[in-house]
S.K.: 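Just dropping this structure here.
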Amino acid sequence: MKRRAFAGLTAAGGFAAVLGTAGCTDSSDSSSSAGVFTAIQTEIDANAPINPYNQKTNSFPGYNAMQLGWPKNSLTDANAFYPGLAASWTETPDHLKLTVKLQPDAKWSDGKPVTADDVKASAAVSFSQGGGAFAVSPGAAGGVGAVTVIDAHTIEFDQAPGSSNNSFLRNVLSMYVIPKSVFGPQMPDNIWDLIKTATDPKAAKKDQTAAQGKIQALGKKLVEFGPKKDVSAGPFVLQRVNPGEAVLVKNEHFFAADKIAPSKVVLKNYSGNEQIWNYLIAGELDAAIYTATPANVRKKILAKQGNKMISGFSPVAAALAFNQSVKPLDNVHVRRALAYLIDRKLTTKIGESVGGTPSQTTTGLISDAANAWIGQDAVDKLNQYPHDAAKAEAELKKAGMSKKGGQWIQANGKPFTLQLQVPNGFSDWVAGGKSISSQLTDAGIKTEVKTSADYATYLSEIAEGKYQLGFWLIALGPSTYNAYARLYGPSNGWNQFGANVQHSAPGKNGNWMGGAEKATIPGLGTINPGELTNKLAQANEAQQKEIIAKLAAYSNDQLPAIQIWDYTNIQFVNESRFTSFPKDDSDVLRLHPGTWMQLGYIKKK
């Protein structure tokens, strides 16, 4: 897999002309220059706006884009954060009120102070984009109900009545803070009246609909807005960008400027894993984002003087997900047979030998998180689905299939064949998919690997139900709700309405996985996994453990997806020019180098 931080939307027109440097790479910004830090963070789009709310953007997290806080790489605590523009925060035990204190010395790059009014303006922009704590739906679970400026450096967020969502703090602290002086004029004076009407359950339906329509229209305008000049509260300010790289210079007004060693940052563009590998092998990068790396490539990278690998856990797993709307994948015995036929160790060795660990079994969480939440003994008692052709054969026969001439035949007389979809550029998924294809074909299930043009196309088409099965990231911790919502959320038919969820039929409202709404699990009775997942958002730690034990058993028994490997967060840095990088297993490893600098890492050598 390669990491794509932003993808999808069209940027504002005219921005390239403003920056005026579209063309070739600026070779004068060599990583060998004193004080220049060179990295790869995301794919560069020279036409994108300086707007962190646009998916294609020239606002880079940790460098010139700032959040209130930065999430730690915690195995189980979703609310563990480092300070960002927020110096501190307090939350009531019921999660209903969050009070944020800003960094007292925080300033924008134009020298003006960062104030609570900037944060409130940022909240308005977030509402215009929707989602998370800023959903424009009456009574949305975990939604912001009110934003109150207490003083220039203090602001309160109240959760909307009707729920007590334990992800409220996480969703608010993750908000990007933009300057009111720049974005404020793009919004109408009555923006908060519109938000109140749109989110108030007591408002007239006609008024709600009208307000929501105006906010959605405003959202399209705001997401495409491109300021002519970068006004940043981060440690760097965008100086120029072209198709090959973005160049940022140090913001002397940054509240912790004394911690920032580089005078300039050059972010290189890339189009695939191979390009990142070549930069690393040449020793041209001081730091690189995670990229899937075969063992032979890792050896070449580490052979370059100064290069070093840093690793730590990643709460993400690669899984093979089913579209159960397609027969015979609606039959649980077929899914179990495939789990027995896929050798996860072999697939991981071929697909993700450096950055992957074969999943212990399918629980919906990475192995370490599952063991931490419900105990290794409980995980060990689940079906481990070892590679076992005999058990697979027994399951296929339970599904009414028979084997003729080495080929499995369905009960309707048609050969059992499969198409496995992977996105182009994700070298580990492509290699892993081909391994699975060979294994299943050898077992009598002819399986063909199909490649989508790019990840955006892949996500779009898998959501439309066009694929039988494909790779799917699951176990997205540390929030247990987020992890299980990948399996039992909108993609599988469950959507939140207030504090409750409603299930949509396969093919409706984004339901491409098409799983059963409920199933009877041995020893647990009948379980509705979507309802259980929704309860995770309101549960305390003890309650989460009880719910996770049920959801892990459900996932293990019903197999909406087969976990293949847990990711290890492997990154490469070069210590020839800078030192003091994070160590192995540091809880900052999933943050960007710009954030590392804010936290005191990375010094000139």
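For clarity, every value in this text was computed on a predicted model and none was experimentally measured.
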S.K.: List the steps, then state whether side chain to side chain contact (heavy atoms under 4.5 Å, CB included) holds for L194 with V136.
M.R.: CA-CA 10 Å; L194 291 173; V136 190; over 6 Å; no
S.K.: Spell out, as yes or no, whether a donor-acceptor pair under 3.5 Å connects the side chain of W596 to the backbone of L591.
M.R.: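 Yes, because the side chain of W596 sits within donor-acceptor range (under 3.5 Å) of the backbone of L591.
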S.K.: Would you please say whether a donor-acceptor pair under 3.5 Å links the side chains of S59 and Y53?
M.R.: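 The criterion, which ignores hydrogens and geometry beyond distance, is not satisfied for Y53 and S59.
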S.K.: Is it the case that the side chain of D230 and the backbone of I50 share a donor-acceptor pair, with hydrogens and angles ignored and the cut-off at 3.5 Å?
M.R.: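 Absent.
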S.K.: Can you say whether the rings of Y567 and W565 are parallel (under 30°), tilted (30 to 60°) or perpendicular (over 60°)?
M.R.: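 Ring orientation, 0 to 90° scale: perpendicular.
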S.K.: Under 3.5 Å, is there a donor-acceptor pair between the side chain of S460 and the main chain of T457?
M.R.: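 No, S460 side chain to T457 backbone: no donor-acceptor pair under 3.5 Å.
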S.K.: Distance check, rounded to the nearest 0.5 Å: M187 atom CE versus K180 atom NZ?
M.R.: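 Going from the CE atom of M187 to the NZ atom of K180 covers 8.0 Å.
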S.K.: Counting neighbours of NZ on K603 that are heavy atoms of other residues, nucleotides or ligands and sit closer than 6.0 Å, is the number greater than 12?
M.R.: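 Enclosed.
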S.K.: For the residue pair F168 and F157, is the inter-centroid distance of their aromatic rings smaller than 6.0 Å?
M.R.: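 No.
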S.K.: Evaluate the side-chain proximity of L102 to L68: yes if any heavy-atom separation is below 4.5 Å, no if none is.
M.R.: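 They are in side-chain contact.
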S.K.: Would you please test K605 and F578 for side chain to side chain contact (heavy atoms under 4.5 Å, CB included) and show each step?
M.R.: CA-CA 5 Å; K605 191 168 182 178; F578 294 90; 5.9 Å; no
S.K.: Can you list the steps and then say if V177 with W108 is a side chain to side chain contact (heavy atoms under 4.5 Å, CB included)?
M.R.: CA-CA 11 Å; V177 179; W108 297 101; 4.2 Å; yes
S.K.: For atom NZ of K250, is the number of surrounding heavy atoms from other residues, nucleotides or ligands below 6.0 Å larger than 12?
M.R.: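 Yes - once you tally the heavy atoms of other residues, nucleotides and ligands closer than 6.0 Å, there are more than 12.
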S.K.: Hey, is the main chain of D454 close enough, under 3.5 Å, to the side chain of N424 for a donor-acceptor pair?
M.R.: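 Not a single qualifying donor-acceptor pair exists.
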S.K.: Between Q468 (side chain only) and L420 (backbone N and O only), is there a donor and an acceptor less than 3.5 Å apart?
M.R.: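 Not at all, since once roles are kept as given, no pair shorter than 3.5 Å links the two residues.
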S.K.: Counting N and O atoms only, with roles assigned by atom type, does the side chain of Y63 sit under 3.5 Å from a partner on the main chain of H592, one being a donor and the other an acceptor?
M.R.: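 The answer is no, because no donor-acceptor pair under 3.5 Å joins these two groups.
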